[in-house]
Novice: 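Can you read through this structure? Questions will come right after.
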2 protein chains.
Amino acid sequence: MKKNITIRDIAEALHTTPSTVSRALAGSPRIGESMKGAVRAMAESMGYIPNARAVSLRTGKGSLIGVIVPSINRDFFSSIIDGIESVASEKGYNIIIGQSRDDVEREKALVDEMFRGRVDGLIVCLAYTTSKYDHFMPIWRSGLPLIFCDRSPKNLTTARVNIDDYQAARSSAEHLIKQGCRRIAFFGGAENVDVFFERKKGFLDVMHKYGLPVIPDLVYDDAINFEKGQAAARKVLALKKSEYPDGLFACEDYTAIGALTVFRENGFRVPEDLCICGFGNEEIASYVSPGISSIDQSSFEQGYQASLLFFEAQKSSDPSKFTTMITLPSRLVIRGSSMRHPL
Amino acid sequence: MKKNITIRDIAEALHTTPSTVSRALAGSPRIGESMKGAVRAMAESMGYIPNARAVSLRTGKGSLIGVIVPSINRDFFSSIIDGIESVASEKGYNIIIGQSRDDVEREKALVDEMFRGRVDGLIVCLAYTTSKYDHFMPIWRSGLPLIFCDRSPKNLTTARVNIDDYQAARSSAEHLIKQGCRRIAFFGGAENVDVFFERKKGFLDVMHKYGLPVIPDLVYDDAINFEKGQAAARKVLALKKSEYPDGLFACEDYTAIGALTVFRENGFRVPEDLCICGFGNEEIASYVSPGISSIDQSSFEQGYQASLLFFEAQKSSDPSKFTTMITLPSRLVIRGSSMRHPL
DNA sequence: CTGAAAGCGCTTACAG
DNA sequence: CTGAAAGCGCTTACAG
């Protein structure tokens, strides 16, 4: 490891002191213009790059946002990160990223690690299995901003950005019904996760409103990816033909696509025999055939707003008491998988 | 911002000194077992979390890897990041991520920022437009590991991980020819980018080997995304029917899919009239219909290996002279878009 | 077995 | 307009 240039090196080269160099570089009015010029030129020519760790240790500010997501490698989350990064880089902040891999233990470890690394706060999409929130205590206790994005704690008043999953689910369910579906299957996720709870509630309320039966054999609460979507579809196929669904409400696009492949392999025509709606509007939803109708969650926008919220919280007198909640509009994007009648 | 617990606080609570607390926490054999126990218990109960910035300022080691990619929000890059993160988190390292958005200027700014933040080194997928590498000087100069991943500097001996783009391109081109294609279009990327240069070379060499003409009207060197793929396809459609291609070699999956949509809208049957091969084996390649044949670039594995290389470089006596290059195997995944004859 | 002191690279009250 | 000194939170030679 070679030695790096420090302000002391610059000071020595100019026969002045570190104090003066520091001030000159910061553009302090206390330093004369000629000195400023000389310092800057010297810093430039020596290839000086300030040591952010020393600065942050001294000032307590670090220009670092910790971001924790279940997985980097999913369109939804990487778009959120994209949104966060867009605002952050604008403000001169860097982001440090950790994957919880939907494991609370890893999430907890990441919170600690990031706190150690003295991030200026955290933006978090909760792991699928997270139902207790004690591991965020160090952040709250130290008064750092903590913003949740999309997957947020249930029954807890904390700053967050999300979409109105309940309303979104309602619009999706109503759409299926208007397409003529009567026996609608529900492939959802664990109800302890806020968003899945809301989606199911929206679905159930609409079914009730239209006086349609919710058929237990067609309801699955652990079908949140491609494989599990396939598995649930296979279970449905084990029913008698007369009990087959004519509609599918899936809580994730991957679920919907998994189910689509199985149903089509088994002779279902989509949307004629079975209308399918997904959730999330992942890029692939528009590439499969037929395209999957889906709820657009404005993932980039969610990240973007969460990042803005972060900086707002930071400015507030006590960030740990900052509890602004933003709900972004969502919209149903209708595609071939549920379009029996042109709109 | 509330006050954080420091080793001094623990020391005071136990009527001892910071030195002892530091040693006890580090498990130094110089401290007695009873004192260690007391220190650990107190640290635990006070909710002590070490300040990594202070540690790294003192020790010069920081447990931070800087990662620069063109875009987070693409399956290929996010898989690479996933691979990097997997190794890093195993070793107790965090990663800090920046998006160059394929802009050299932003890439340069990110290198500086990250160096400022005193990362322990960098793993980089170059921006599309990067053809000079001076902005990596601060990293080299300070002797930090710098590993390139997939998109690497041309004509420069630096540590890197990539696949053999040349061979991969050859296998893809040969496959098209074996499917009976004779007039093969080429939709590529800027040749100053290593990988695109190699892919084109592979394509040209195979065409030459089989004595097939490379038709200038069917060659495009700036078609590296969905829209540009569509645009290039439209230009091809402006040719006379007799000049239409019967095969398409695309240097990106998005290119291939963009072209696919345009060609099909214009009555081309794929693969009967036109065989298409993409590159990258993005997730969507398998979801479109017909599926796009593509070169699997083992993106996760590339990131994984780059991360391992990083730690190897770090251990070497002079990381800036560490120039191990790893070439991973790639393979052609054949799907409907190019399968005229079953294999 | 434990402590006092220096120092990593900065910034900033304090002093002149 | 500029400098000397303290201190952010640690670790680690040096000393006992």
Side-chain angles (χ1 to χ4, degrees), chain A residues 1-40 42-43 46-64 115-120 138 142 144, chain B residues 1-40 42-43 46-64 115-120 138 142 144:
Chain A
M1 189 81 61
K2 289 154 198 169
K3 199 180 162 307
N4 290 314
I5 307 298
T6 70
I7 53 169
R8 152 159 264 112
D9 297 322
I10 300 175
E12 277 168 9
L14 291 169
H15 301 294
T16 178
T17 63
S19 317
T20 301
V21 172
S22 171
R23 290 193 181 102
L25 256 18
S28 160
R30 291 176 48 182
I31 305 294
E33 283 311 319
S34 66
M35 179 56 106
K36 274 185 192 167
V39 168
R40 280 179 191 143
M42 183 57 77
M46 293 177 79
Y48 171 70
I49 295 183
N51 183 330
R53 286 182 184 163
V55 174
S56 85
L57 180 57
R58 178 60 230 243
T59 64
K61 279 218 30 176
S63 309
L64 241 200
F115 187 76
R116 245 194 197 68
R118 289 303 185 267
V119 293
D120 296 298
S142 65
L144 295 175
Chain B
M1 191 78 60
K2 289 154 199 172
K3 199 180 160 308
N4 289 315
I5 307 297
T6 70
I7 53 168
R8 153 159 262 111
D9 298 322
I10 300 173
E12 277 168 8
L14 291 169
H15 303 293
T16 178
T17 62
S19 319
T20 301
V21 173
S22 172
R23 289 193 181 103
L25 256 18
S28 159
R30 291 177 46 183
I31 305 295
E33 282 312 319
S34 66
M35 179 57 103
K36 275 184 192 167
V39 167
R40 279 177 192 146
M42 182 59 75
M46 293 175 82
Y48 171 70
I49 296 184
N51 183 330
R53 287 183 184 160
V55 174
S56 85
L57 180 59
R58 178 59 230 245
T59 63
K61 279 219 31 176
S63 309
L64 243 200
F115 187 75
R116 245 194 195 70
R118 291 297 185 275
V119 293
D120 297 296
S142 65
L144 294 175

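Just so you know, these numbers use all the heavy atoms, side chains as well, and skip hydrogens, waters and symmetry mates.
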Novice: If you take any heavy atom closer than 4.0 Å to DNA chain C, which residues from residues 17-24 of chain A end up in contact?
Specialist: A:Ser19, A:Ser22, A:Arg23

Novice: Need to verify one output field. Residue with the more 5' nearest nucleotide on DNA chain C, B:Thr16 or A:Val55?
Specialist: B:Thr16

Novice: Starting at CD of A:Glu12, measure out to OG1 of A:Thr17 and round the result to the nearest 0.5 Å.
Specialist: 11.0 Å

Novice: Quick check: closest heavy atoms across A:Asn51 and B:Leu57, and the distance to 0.1 Å?
Specialist: ND2-CD1, 4.1 Å

Novice: Please pick, from D:dT12, C:dG9, D:dG9, the nucleotide with the shortest atom-to-atom distance to any side-chain atom of B:Thr59.
Specialist: D:dT12

Novice: Given pairs defined as Watson-Crick or G-U wobble with both distances under 3.5 Å, what dot-bracket annotation applies to DNA chain D, with ( ) intrastrand, [ ] crossing, | other strand and . unpaired?
Specialist: |||.||||||||.|||

Novice: If you look at every strand shown and take non-hydrogen atoms under 4.0 Å, does A:Ser56 touch a base, only sugar-phosphate, or nothing?
Specialist: nothing

Novice: Taking all heavy atoms of B:Ala52 and all of A:Gly117, pick out the closest pair and write down the distance.
Specialist: CB-CA, 3.7 Å

Novice: In whole Å, what is the span from the CE atom of B:Met35 to the C1' atom of C:dC1?
Specialist: 9 Å

Novice: Could you walk me through whether A:Ser56 and B:Arg53 pass side chain to side chain contact (heavy atoms under 4.5 Å, CB included), step by step?
Specialist: CA-CA 8 Å; A:Ser56 85; B:Arg53 287 183 184 160; 2.5 Å; yes

Novice: Write down the distance between CD1 (A:Ile10) and C1' (D:dT2), rounded to a whole number of angstrom.
Specialist: 17 Å

Novice: Under 3.5 Å, is there any donor-acceptor pair linking the side chain of A:Arg30 to the base of D:dG3?
Specialist: yes

Novice: Report the C-alpha separation of A:Leu25 and A:Tyr48 in whole Å, then their side-chain angles, then the decisive distance to 0.1 Å, and conclude whether the side chain to side chain contact (heavy atoms under 4.5 Å, CB included) test is met.
Specialist: CA-CA 11 Å; A:Leu25 256 18; A:Tyr48 171 70; 3.7 Å; yes

Novice: List the atom of B:Ser63, the atom of B:Asp120, and the distance in Å for their closest heavy-atom pair.
Specialist: N-OD2, 2.6 Å

Novice: Tell me: CZ of A:Arg8 to C1' of D:dA5, nearest whole Å?
Specialist: 12 Å

Novice: Keeping A:Thr20 on the side-chain end and A:Thr16 on the backbone end, is there a donor-acceptor pair under 3.5 Å?
Specialist: no

Novice: In this structure, how many angstroms lie between the P atom of C:dC8 and the CG atom of B:Asn51, rounded?
Specialist: 18 Å

Novice: In whole angstroms, how far is the P atom of D:dC10 from the CG atom of A:Leu57?
Specialist: 9 Å

Novice: Sequence neighbours excluded, which residues qualify as side chain to side chain donor-acceptor pair (under 3.5 Å) partners of A:Ser28?
Specialist: none

Novice: Using atom NE2 of A:His15 as one end and atom C1' of D:dC1 as the other, report the distance to the nearest whole Å.
Specialist: 19 Å

Novice: What's the CD1-C1' distance between A:Ile5 and C:dG9, to the nearest Å?
Specialist: 13 Å

Novice: Expressed as a whole number of angstroms, how long is the span from B:Arg53:CZ to C:dG9:P?
Specialist: 17 Å

Novice: Identify which one of B:Thr6, B:Ile10, B:Ile5 satisfies the side chain to side chain contact (heavy atoms under 4.5 Å, CB included) criterion when paired with B:Arg8.
Specialist: B:Thr6

